[in-house]
Amino acid sequence: NRFEKGLTSVTGELIYPDNANSIDLLKDNVAKLISQGMQVISLVDGIKGNQLMTMHPHELKHIDYAIMPARFAVAENGAIWVDSEQLNGLNAKTHRVLPFICENLVLVLNKDNIVATMHDAPANMRLHAGDFGTFIAGPSKTADIEQALVVGAHGAFSLKVYLI
């Protein structure tokens, strides 16, 4: 599908099981990560990590996996919109660092919340004064170091999107 191609082009990975419930698969995968000693924080209802949000954003630097809901995605380029609402009412100014400070980011997206193009995106954005919102397009990447692609230089090393 077009969204999967867009996401893959920005080195993200789509998890969309044919015969399984994506949330159940995510629960199983989180349990495996925790059993391997990974530090997991989840803001998705029904998915329990082994770490809690802290009051100070720098205390999140040890998080191996952050699991967050996403509002919508754009098929043409794989960009995924996350805003203050996905932080579950937490102080967005304090906690907006989570998708960028974690080692690996997992976003949960409703399959009905994919728009075709960036021109369609603004109709799905709901920001008020002081709110946080950003497009995430794959894991952190840069190619300005000796013209070699480096993944994870300024943020997450990986991005997985569970489509539900």
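Note that the numbering runs from 1 along the sequence shown for the chain. As the structure is a prediction and not an experimental result, all values here were calculated from the model.
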Checklist entry - Only one of Ile80, Val74, Val82 forms a side-chain contact (heavy atoms from CB on, under 4.5 Å) with Phe135, so which one is it? => result Val74
Checklist outcome for this item: Residues at least two apart in sequence or cross-chain that pass side chain to side chain donor-acceptor pair (under 3.5 Å) with Gln51, listed by chain then number, are Gln39, His62
Checklist entry - Any side-chain heavy atom of Pro99 within less than 4.5 Å of one from Met68? => result yes
Checklist entry - Excluding sequence neighbours, so at least two apart, what forms side chain to side chain donor-acceptor pair (under 3.5 Å) with Asp64? => result none
Checklist entry - Between Val97 and Pro57, which heavy-atom pair has the shortest distance, and what is it? => result CG1-CB, 3.3 Å
Item to check | Euclidean distance, Leu107 CG relative to Tyr162 OH, rounded to 0.5 Å | outcome: 11.5 Å
Checklist entry - Under 3.5 Å, is there a donor-acceptor pair between the side chain of Asn50 and the main chain of Met38? => result yes
Item to check | Beyond-backbone contact of Arg71 with Leu109, side-chain heavy atoms, under 4.5 angstrom | outcome: no
Next on the checklist: For a 4.5 angstrom cut-off between non-hydrogen side-chain atoms, does Glu4 reach Asn1?
Outcome noted: yes
Next on the checklist: Nearest 0.5 angstrom please: Lys160 NZ to Asn104 CG, how far?
Outcome noted: 8.0 Å
Checklist entry - Are side-chain heavy atoms of Asn21 and Leu25 found at a separation under 4.5 Å? => result no
Item to check | Set of side chain to side chain donor-acceptor pair (under 3.5 Å) partners for Asn124, sequence neighbours left out | outcome: none
Item to check | Non-hydrogen atoms of Gly49 and Ser42 that approach each other most closely | outcome: N-CB, 4.0 Å
Checklist entry - Hey, what do you get for CD (Glu13) to OG1 (Thr8), rounding to the nearest 0.5 Å? => result 8.5 Å
Item to check | Test item: Trp81 and Met125 side chains (from C-beta on) under 4.5 Å apart, heavy atoms | outcome: yes
Item to check | Result of checking Val40, Ile67, Asp28 against Leu33 for side-chain contact (heavy atoms from CB on, under 4.5 Å) | outcome: Val40
Item to check | Non-hydrogen side-chain atoms of Ile47 and Lys27 separated by less than 4.5 Å | outcome: yes
Next on the checklist: Within the structure provided, determine whether Ile41 and Leu52 are in side-chain contact (heavy-atom separation under 4.5 Å).
Outcome noted: no
Next on the checklist: Rounded to the nearest 0.5 Å, what separates atom CD1 in Ile23 from atom CD1 in Ile164?
Outcome noted: 4.5 Å
Checklist entry - If only atom types and distance count, is the side chain of Ser35 paired as donor or acceptor with the main-chain N or O of Lys32 below 3.5 Å? => result yes
Checklist entry - About how many Å separate CG of Asn77 and CZ of Arg2, when rounded to the nearest 0.5 Å? => result 9.0 Å
Item to check | Any Ile136 side-chain heavy atom under 4.5 Å of Thr134 side chain | outcome: yes
Checklist entry - Hey, does the side chain of Ser22 reach the backbone of Leu163 with a donor-acceptor pair shorter than 3.5 angstrom? => result yes
Next on the checklist: Has Asp120 got a side-chain atom pairing as donor or acceptor with Thr117's backbone, closer than 3.5 angstrom?
Outcome noted: yes
Checklist entry - Around atom OH of Tyr16, are there more than 12 heavy atoms of other residues, nucleotides or ligands at under 6.0 Å? => result no
Checklist entry - Is it true that a side-chain atom of Glu76 and a backbone atom of Met118 form a donor plus acceptor pair closer than 3.5 Å? => result yes
